[in-house]
Novice: 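Below are the structure tokens for one structure; questions will follow.
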Amino acid sequence: MTSVVILAKMADVEEVEVVVAHNERATLRVGDVFLKIDADQTRTDVEVEAMAMAPIPTPEVLWRKPPVLALAALPGTALGRLGEPSTASPAAWAAAGAAARRLHDAPLPPWPGRSLDELATRLDGECEWLVTNGVLPSDLVTRNRQVAEAALRPWKPVFMHGDLQITHVFVGDDKITGVIDWSEAAQGDALYDLAVLTLGHEEHLDDVVAGYGTDVDLDVIRAWWSLRSLLAIRWLVEHGFDPSAPGCEVDVLKARL
């Protein structure tokens, strides 16, 4: 019955906004409802379960009819966007750090994340692809591969969001109003979340760490910046995104030279 009522409301909306669309998944906004369509329903399973477990605000699940998941829009605005200056205040960035800490202190989800061996193997493969295909200069890849080594060490598993980029964190009045896109949530390294949150926005790292409320290894966060960027570039290129846009992944790598 709930889904029927919501669909009736959606019928009055004149515009459908395509938030993101590629051959794996698509997200549409119809009024105050987001419709997520995913070819892999295991990702949706993770997203729904992770949101139910998370101790921080998440979107309300309105209904689910595979392959579609309907979520209520969050109040507030995204913390920022990669490649663009963030207009959010230092207090809002600190609130994001505090929200990450609450998540990391929560009980672990029952499913594991990627192992060190999996990450190292994938990193080797992506670096080889970047150089072999002439996507990036070999010296840039080699240097960042060296920096990334610091992230490949044992860590104490936490409840990790897994894709805590600033477009997924919503704020209002310097408070977190919600965090979206939980399909990568798993057991993992807390510093990975902090790195993804500050990727391309190094100027806000101190604010995030202050909100997080405990000492962190900044060298490991910088290592995750390199590792995340090296792993992301092929996927971005193959799905029609531009990692070489100002302030994005390629610039993150160049900053390590």
Side-chain angles (χ1 to χ4, degrees), residues 19-27 38-40 43 46-47 78-84 86 96 100 113-152 155 160-169 179-186 188-202 204-205 208 220-257:
V19 179
V20 63
H22 47 77
N23 59 6
E24 294 178 6
R25 68 189 81 172
T27 300
D38 200 317
D40 183 354
R43 286 193 291 251
V46 167
E47 179 158 17
L79 192 60
R81 185 175 295 276
L82 185 62
E84 300 176 6
S86 171
R114 292 173 293 182
S115 70
L116 278 174
D117 287 343
E118 289 172 325
L119 282 169
T121 298
R122 187 179 168 206
L123 179 61
D124 288 341
E126 292 303 308
C127 288
E128 182 180 355
W129 183 88
L130 291 169
V131 173
T132 300
N133 290 277
V135 177
L136 293 177
S138 60
D139 61 336
L140 182 62
V141 173
T142 299
R143 172 55 184 156
N144 278 275
R145 177 67 179 81
Q146 293 169 345
V147 172
E149 280 291 337
L152 298 175
W155 58 71
M160 181 184 72
H161 179 277
D163 194 17
L164 198 62
Q165 54 182 292
I166 53 177
T167 53
H168 295 163
V169 180
V179 176
I180 64 173
D181 283 8
W182 291 81
S183 62
E184 304 298 323
D189 183 13
L191 298 190
Y192 179 75
D193 271 352
L194 299 187
V196 174
L197 181 63
T198 54
L199 185 79
H201 289 272
E202 187 169 353
H204 293 293
L205 178 58
V208 168
V220 173
I221 289 179
R222 296 185 182 100
W224 276 122
W225 288 339
S226 291
L227 200 154
R228 162 88 174 193
S229 299
L230 289 169
L231 294 185
I233 288 175
R234 189 203 315 215
W235 188 94
L236 292 168
V237 169
E238 292 179 346
H239 289 80
F241 300 100
D242 184 9
S244 63
C248 294
E249 284 80 5
V250 174
D251 278 354
V252 171
L253 296 176
K254 289 179 178 178
R256 307 276 71 82
L257 291 176

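Everything numeric here is computed off the predicted structure, so don't read it as measured data.
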Novice: For a quick test of reading the model, state the closest non-hydrogen atom pair linking Ala151 to Leu116 and the distance between them.
Specialist: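 What the structure gives for the nearest pair is O-CD2, 4.5 Å.
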Novice: Run the numbers on Leu82 and Glu249 for side-chain contact (heavy atoms from CB on, under 4.5 Å), then give the verdict.
Specialist: CA-CA 9 Å; Leu82 185 62; Glu249 284 80 5; 3.4 Å; yes
Novice: Give the intermediate values and the outcome of side-chain contact (heavy atoms from CB on, under 4.5 Å) for residues Val131 and Thr142.
Specialist: CA-CA 9 Å; Val131 173; Thr142 299; 6.0 Å; no
Novice: Can you list, pair by pair, the side-chain donor-acceptor contacts under 3.5 Å of residues 236-244, counting residues two or more places apart and other chains?
Specialist:
unit_1	atom_1	unit_2	atom_2	d
His239	ND1	Trp235	O	2.8
His239	NE2	Asn23	OD1	3.3
His239	NE2	Glu24	OE2	3.4
Asp242	OD1	Ser244	N	3.0
Asp242	OD1	Ser244	OG	2.5

Novice: Nearest 0.5 Å please: distance from the CG atom of Leu136 over to the CD1 atom of Ile233.
Specialist: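 The CG atom of Leu136 sits 4.5 Å away from the CD1 atom of Ile233.
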Novice: With rounding to the nearest 0.5 angstrom, report the CG to CZ distance, Leu231 to Arg122.
Specialist: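 One gets 4.5 Å once the value is rounded to the nearest 0.5 Å.
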Novice: So, taking the atom named OG1 in Thr198 and the one named CG in Leu205, what distance separates them when rounded to the nearest 0.5 Å?
Specialist: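 If we round to the nearest 0.5 Å, Thr198:OG1 and Leu205:CG are 5.0 Å apart.
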Novice: Going from OG on Ser138 to CD on Glu128, what distance comes out if it is rounded to the nearest 0.5 angstrom?
Specialist: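 The CD atom of Glu128 is 13.0 Å from OG of Ser138, to the nearest 0.5 Å.
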Novice: What is the distance from atom CG of Leu197 to atom NE2 of His204, rounded to the nearest 0.5 Å?
Specialist: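 Those atoms lie 10.0 Å apart.
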Novice: Tell me which one of Asp193, Asp189, Asp163 satisfies salt bridge (charged side-chain N to carboxylate O under 4.0 Å, His left out) with Arg228.
Specialist: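 Only match with Arg228 under salt bridge (charged side-chain N to carboxylate O under 4.0 Å, His left out): Asp163.
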Novice: Does Trp225 reach the main-chain N or O of Ala195 with its side chain, forming a donor-acceptor pair under 3.5 Å?
Specialist: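 Yes; judged by distance alone, with no hydrogens or angles, the pair exists.
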Novice: Take Leu119 and Tyr192, measure what side-chain contact (heavy atoms from CB on, under 4.5 Å) needs, and give me the verdict at the end.
Specialist: CA-CA 12 Å; Leu119 282 169; Tyr192 179 75; over 6 Å; no
Novice: With respect to Ser226, which candidate in Val141, Val252, Leu123, Val147 satisfies the side-chain contact (heavy atoms from CB on, under 4.5 Å) definition?
Specialist: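 Considering Val141, Val252, Leu123, Val147, a side-chain contact (heavy atoms from CB on, under 4.5 Å) with Ser226 is found only for Val147.
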Novice: Taking the side chain as C-beta and beyond, is there a heavy-atom pair between Val196 and Leu199 under 4.5 Å?
Specialist: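 Result no, sub-4.5 Å side-chain heavy-atom pair not found.
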Novice: Ion pair present between Asp124 and Arg145, side-chain N to carboxylate O less than 4.0 angstrom?
Specialist: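 Yes, charged N to carboxylate O under 4.0 Å.
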Novice: Going from CD on Gln165 to CZ on Arg81, what distance comes out if it is rounded to the nearest 0.5 angstrom?
Specialist: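 Spacing of CD (Gln165) from CZ (Arg81) equals 9.5 Å.
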Novice: Apply side-chain contact (heavy atoms from CB on, under 4.5 Å) to the pair Asp181 and Thr27, showing each step before the final yes or no.
Specialist: CA-CA 10 Å; Asp181 283 8; Thr27 300; 5.6 Å; no
